[in-house]
Amino acid sequence: MTIEQTLSSLVIKAVKALYDIDAAPQQVQLQKTRPEFEGNLTVVVFPFVKAARKAPAQVAAELGQWLQDNGQIISKFNAVQGFLNLSISDRFWLEQLRDMAANEHYGDSTEPRGLMMVEYSSPNTNKPLHLGHVRNNLLGYSIAQIQEANGWQVVKTNIVNDRGIHICKSMLAWLKFGNGETPESSGKKGDHLIGDYYVRFDKEYKAQVAELVAGGMDEEQAKKEAPLIKEAQAMLLQWEQGDAEVRALWEKMNSWVYAGFDETYRHMGVAFDKIYYESNTYLEGKKEVERGLAEGKFYRRADNSVWADLTENGLDEKLLLRSDGTSVYMTQDIGTAKLRFQDYPIDKMVYVVGNEQEYHFKVLSILLDRLGFPFGKELVHFSYGMVELPNGKMKSREGTVVDADDLMAAMIQDAREISKDKVNTLPDVTPAEAEEIARKVGLGALKYFILKVDPRKNMLFNPAESIDFNGNTGPFIQYTYARIRSVLRKAGTLDNLTIDHLTISLNEKELGLIQRLCDFPAVVKQAGDEFSPAVICNYAYALACDFNSFYHDYSILNEPDADKRALRIALSAEVARVIARAMALLGIEVPERM
RNA sequence: GGUCUGGUAGCUCAGCUGGAUAGAGCAACAGCCUUCUAAGCUGUGGGUCUCGGGUUCGAAUCCCGACCGGAUCACCA
């Protein structure tokens, strides 16, 4: 039972006893007491003043007196207008600290909630990952961790868009201009190599179009008639027909890309439990559409294309199969969903996909439902905002993308240089440890920078300004952790970490820290309910701030009173543990020293 | 045009299921290391919460309208 629950039920008893009011739990408004007032928690009494027929300040005072007389945990109170500020006894807080320290999984929900599949990343295999994917990957991974902490069994999944005209373009450009270049021969990462040929295709294609237009052709027509695009389309057809040569080339080039992606994922610290490939799922989707057609749920037009009529759902009509019988985006997502639900007993399906695809998922949900999949209606599109640059959206063809590998490398380099500049550089640090610290800190700065923003909102990234390492940042929180660990290493030989004496009187900072620690389980729950790693970020930052303030004002190891010293050590250890856990929920590692 | 979404300090963002004098960080300025890690701590300045109505004891928060921005409405994925 949390302090809020305890107090809430006490207040309900109080208003019944004092004013004969039958209050619902939602009517009891509890909030943290603002720092300018004395107390830990505040009851807002306005909801009761009307029924009590007394002035707000009087209701607050009477309520406070009752609570103090009848609830053992309240040590004192004060009433300011309609706000009743309650001070909770030190003993209560000390018991809370003792209990959480004894709980190995503090913060986690104990209630099992079924199986949740989280799809994220979902790259195309024709170019390397960029900043948009970084936000996607970090959000997806973090959401998976957070939902696990909330009791879900989570399967992390990735759907790789490994077929289609885009990959044919890269293949074609490589055949024409590549001279057999490989990742080994060029020293390039496979995904970057393929991305370069995708860009090369576009360049050559544009030149062809320009030439046709110069020759007098209409631009729209030129785009269709350019020899390169015709060749790419022919190649896609060959691929669909299973042409051995095209398939072999496709497999070779995709394998280069996968090797590159694997490296990026590993570096980023994200992983998947099960990967699906569009080349395996799109046929399944076609079958489902055919079935729906046979069952009269869809209809075929004169040109042979297949459509779903969604007008009764307030939407338009949606294409499901082209007139040439090939599948579209929607088709393969239907197939992928079907395979997934065959493979796992999924209770909740979550798609981590940008908000530009809200319409797509609205339609997908309706279609799956219409096809008789019970999970369709319940699917969650975790729709996150775009990462924008100062001059607008990233455009791969305009060269304004921020590459994921480059960005991570740059962050780690910044971290290296900042460590070097520190006056208090660790004297005995080995080069290997220094490098490990730089990696954790650089990636920590990047991840926190992205995750601290409300996922639903668009966010701005300015490549010209470096990401901070001071203030409300990942490194600030990592630093707080490293600081505590340093103290604890020294304390290890001085004291044992037990709280035997629950009679210690707490100072303001100690009490505030314990109260903050007590919030953690509710924060984890809120982050899960709202699908928001940002909630965890805000909490971790507030906790680190509280600790640094405490650390500045009070000595831990030089405290002469042995009981107080033991308490401070135990409290610090608990703060470190919760920081580490919160950061783990964000996919951020914490260094023992920095 | 329809639908969705956003507008809070110079900049990046919290706060939004209504509660006390709207908060952080960055940037600027002023202090604090012989003492547990100064990636830290303390202080100063900085606001018409886009605008206008409404609801109420109370509105950045809820409702309506206006203005401005973004997304989306493909035989692209």
Side-chain angles (χ1 to χ4, degrees), chain A residues 26 29 31 33-34 36-37 42 44-47 49-50 56 80-83 85 122 124 126 161 163-166 278 301 303-307 314-316 318-324 326-330 332-333 354-360 362-363 383 385-386 388 392-393 415 418-419 421-426 441 445 449 452-454 456-462 465 467-480 482-491 494 534-535 537-538 541-542 544-545 547-549 551-559 568-569 572 593-594:
Chain A
Q26 305 92 294
Q29 291 184 40
Q31 55 188 250
T33 304
R34 294 186 144 242
E36 58 266 36
F37 300 101
T42 296
V44 183
V45 304
F46 287 109
V49 298
K50 207 171 236 174
V80 181
Q81 297 165 50
F83 298 92
N85 302 319
S122 314
N124 290 341
N126 63 329
N161 300 305
R163 51 145 233 133
I165 193 74
H166 55 280
E278 187 188 306
R301 286 188 183 171
D303 66 1
N304 210 38
S305 55
V306 177
W307 296 75
L315 301 175
D316 218 332
K318 187 75 189 173
L319 177 81
L320 298 178
L321 289 175
R322 295 192 188 95
S323 48
D324 63 2
T326 57
S327 66
V328 293
Y329 185 32
M330 189 59 73
Q332 58 235 12
D333 257 355
N355 60 13
E356 56 197 353
Q357 291 187 31
E358 270 166 15
Y359 182 72
H360 173 81
K362 199 179 277 182
V363 173
S383 165
M386 299 289 99
E388 288 168 349
K393 262 187 86 170
I418 288 169
S419 325
D421 294 344
K422 291 296 155 210
V423 188
N424 284 346
T425 354
L426 305 165
V441 172
F449 173 80
K452 80 170 172 179
V453 180
D454 182 338
R456 272 156 265 276
K457 289 188 178 174
N458 289 355
M459 63 175 291
L460 185 86
F461 175 79
N462 188 347
E465 292 171 14
I467 293 175
D468 273 310
F469 286 71
N470 298 321
N472 186 356
T473 66
F476 168 85
I477 297 165
Q478 290 172 316
Y479 176 77
T480 306
R483 210 179 205 190
I484 298 172
R485 295 299 299 168
S486 172
V487 172
L488 293 178
R489 277 191 297 274
K490 290 177 180 166
L494 294 175
V535 168
C537 288
N538 290 341
Y541 177 63
C545 284
F547 182 83
N548 282 321
S549 172
Y551 180 91
H552 178 266
D553 291 357
Y554 299 95
S555 181
I556 299 164
L557 299 179
N558 298 325
E559 165 58 44
R568 287 181 189 167
I569 291 168
S572 302
R593 311 202 293 175
M594 67 184 271

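Just so we're on the same page: letters track the sequence lines, and every chain starts at 1.
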Peer 1: Please state the C1' separation for the pair B:rA30 and B:rA59 - nearest whole angstrom.
Peer 2: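 It comes out at 37 Å once rounded to the nearest Å.
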Peer 1: Quick check: on RNA chain B, is the nucleotide nearest A:Ser549 upstream (toward 5') of the one nearest A:Thr480, or the reverse? Name the residue that is more 5'.
Peer 2: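 So the residue in question is A:Thr480.
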Peer 1: B:rG69 and B:rG23: how far apart are their P atoms, nearest whole angstrom?
Peer 2: 32 Å
Peer 1: Within this structure, what is the CD1-to-P distance between A:Ile418 and B:rC26, rounded to whole angstrom?
Peer 2: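 It works out to 13 Å between those atoms.
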Peer 1: Remember a base hit wins even if backbone is also touched, and classify A:Asn161 as base, sugar-phosphate or nothing at under 4.0 Å, heavy atoms.
Peer 2: nothing
Peer 1: Counting distance only, does the side-chain N/O of A:Ser549 pair as donor-acceptor with the main-chain N or O of A:Cys545 below 3.5 Å?
Peer 2: no
Peer 1: Applying a 4.0 Å non-hydrogen cut-off, can you work out what A:Val441 is touching in the nucleic acid: base, sugar-phosphate, or nothing?
Peer 2: base
Peer 1: If the P atom of B:rA71 is compared with that of B:rU55, how far apart are they to the nearest Å?
Peer 2: 37 Å
Peer 1: Taking the P atom of each, how far is B:rA28 from B:rC67, in whole Å?
Peer 2: 40 Å
Peer 1: Over all heavy atoms of both residues, which pair between A:Ala491 and A:Leu557 is shortest? Give the atoms and the distance, please.
Peer 2: CB-CD2, 3.6 Å
Peer 1: Taking the side chain of A:Glu388 as heavy atoms from C-beta outward, which of B:rC76, B:rU3, B:rG70 is closest to it?
Peer 2: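 Closest nucleotide among those given: B:rG70.
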Peer 1: Please tell me whether A:Thr473 and A:Asp468 have a donor and an acceptor in their side chains that are separated by less than 3.5 angstrom.
Peer 2: no
Peer 1: Quick one: closest heavy-atom pair of A:Ala544 and A:Ile477, and the distance?
Peer 2: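 Looking at all heavy atoms of both residues, the closest pair is CB-CG1, 4.1 Å.
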Peer 1: Taking atom C1' in both B:rG25 and B:rC76, what distance in whole Å separates the two?
Peer 2: 41 Å
Peer 1: Would you say that more than 12 heavy atoms from the other residues, nucleotides or ligands in this model lie under 6.0 Å from the CD of A:Gln31, or not?
Peer 2: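 Result for CD/A:Gln31: enclosed.
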Peer 1: Below 30° counts as parallel, above 60° as perpendicular, anything between as tilted: where do the rings of A:Tyr329 and A:His360 land?
Peer 2: parallel
Peer 1: Nearest 0.5 Å please: distance from the CD atom of A:Glu36 over to the CG atom of A:Asn85.
Peer 2: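 Between A:Glu36 CD and A:Asn85 CG, I get 9.5 Å after rounding to 0.5 Å.
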Peer 1: Rounded to the nearest angstrom, tell me the gap between atom OH in A:Tyr359 and atom P in B:rU3.
Peer 2: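 Taking OH of A:Tyr359 and P of B:rU3, I get 14 Å after rounding.
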Peer 1: Write down the distance between CZ (A:Arg456) and C1' (B:rA71), rounded to a whole number of angstrom.
Peer 2: 16 Å
Peer 1: When the P atoms of B:rA39 and B:rU34 are considered, how many whole Å apart are they?
Peer 2: 15 Å
Peer 1: Could you pull out the closest heavy-atom pair between A:Thr480 and A:Asn548, with the gap in Å?
Peer 2: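 Here A:Thr480 and A:Asn548 meet closest at OG1-ND2, 3.1 Å.
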Peer 1: Just to be sure I understand the rule, does A:Asp553 reach a base, reach only the sugar-phosphate, or reach nothing, if contact means heavy atoms closer than 4.0 Å?
Peer 2: nothing
Peer 1: A:Phe476 CZ to B:rA39 P: how many Å, rounded?
Peer 2: 12 Å
Peer 1: Considering only B:rC36, B:rC73, B:rA77, which nucleotide approaches the side chain of A:Ser555 most closely?
Peer 2: B:rC36
Peer 1: What nucleic acid atoms does A:Arg593 come within less than 4.0 Å of, heavy atoms only: base, sugar-phosphate, or nothing?
Peer 2: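 Counting heavy atoms under 4.0 Å across all strands, the contact made by A:Arg593 includes a base.
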Peer 1: Nearest nucleotide by nearest heavy atom, which residue falls closer to the 5' end of RNA chain B, A:Arg485 or A:Gln357?
Peer 2: A:Arg485
Peer 1: Answer with base, sugar-phosphate or nothing: what part of the nucleic acid does A:Tyr554 contact at a heavy-atom distance below 4.0 Å?
Peer 2: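 Counting heavy atoms under 4.0 Å across all strands, the contact made by A:Tyr554 includes a base.
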Peer 1: Do you know which two heavy atoms are closest between A:His166 and A:Asn161, and how far apart they sit?
Peer 2: NE2-O, 3.3 Å
Peer 1: For B:rC33, measure the glycosidic angle (O4'-C1'-N9-C4 for a purine, O4'-C1'-N1-C2 for a pyrimidine) and name it syn if it falls within 90° of 0, otherwise anti.
Peer 2: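 Syn conformation for B:rC33.
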Peer 1: With rounding to the nearest 0.5 angstrom, report the CG to OH distance, A:Asn472 to A:Tyr541.
Peer 2: 4.5 Å
Peer 1: Using whole Å, report how far CG of A:Asp468 lies from P of B:rA27.
Peer 2: 6 Å
Peer 1: Within the 4.0 Å limit for protein heavy atoms, which parts of nucleotides 8-24 of chain B are touched? Write it as a string from 5' to 3', B for base, S for sugar-phosphate only, - for none.
Peer 2: ----SSS-B--BB--SS
Peer 1: If every non-hydrogen atom of A:Ser327 is compared with every non-hydrogen atom of A:Arg163, which pair is closest and at what distance?
Peer 2: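 The answer is OG-NH2, 3.2 Å.
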Peer 1: What is the separation between atom CG on A:Asn548 and atom P on B:rA38, rounded to the nearest whole Å?
Peer 2: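 The answer, rounded to whole Å, is 10 Å.
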Peer 1: How close or far is atom C1' of B:rG69 from atom CE of A:Met386, stated in whole angstroms?
Peer 2: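 The distance from CE of A:Met386 to C1' of B:rG69 comes to 16 Å, rounded to the nearest Å.
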Peer 1: Taking atom P in both B:rU8 and B:rU37, compute the distance separating them and give it to the nearest angstrom.
Peer 2: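 Their P atoms lie roughly 42 Å apart.
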Peer 1: Could you tell me how far B:rG47 sits from B:rA66 if I compare only their C1' atoms? Round to whole Å.
Peer 2: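 Here B:rA66 and B:rG47 have their C1' atoms 23 Å from each other.
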Peer 1: Would you kindly give the CD1-to-C1' distance between A:Ile165 and B:rA77, to the nearest whole Å?
Peer 2: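 So the two atoms are 12 Å apart, to the nearest Å.
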Peer 1: Given B:rA77, is OP1 or OP2 found less than 4.0 Å from the side-chain N or O atoms of A:Tyr329?
Peer 2: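 No, no such contact exists.
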Peer 1: Starting at the 5' end of RNA chain B, what dot-bracket string do you get if Watson-Crick and G-U pairs under 3.5 Å are bracketed, crossing pairs use [ ], other-strand pairs use | and unpaired bases use dots?
Peer 2: (((((((..((((.....[...)))).(((((.......))))).....(((((..]....))))))))))))....
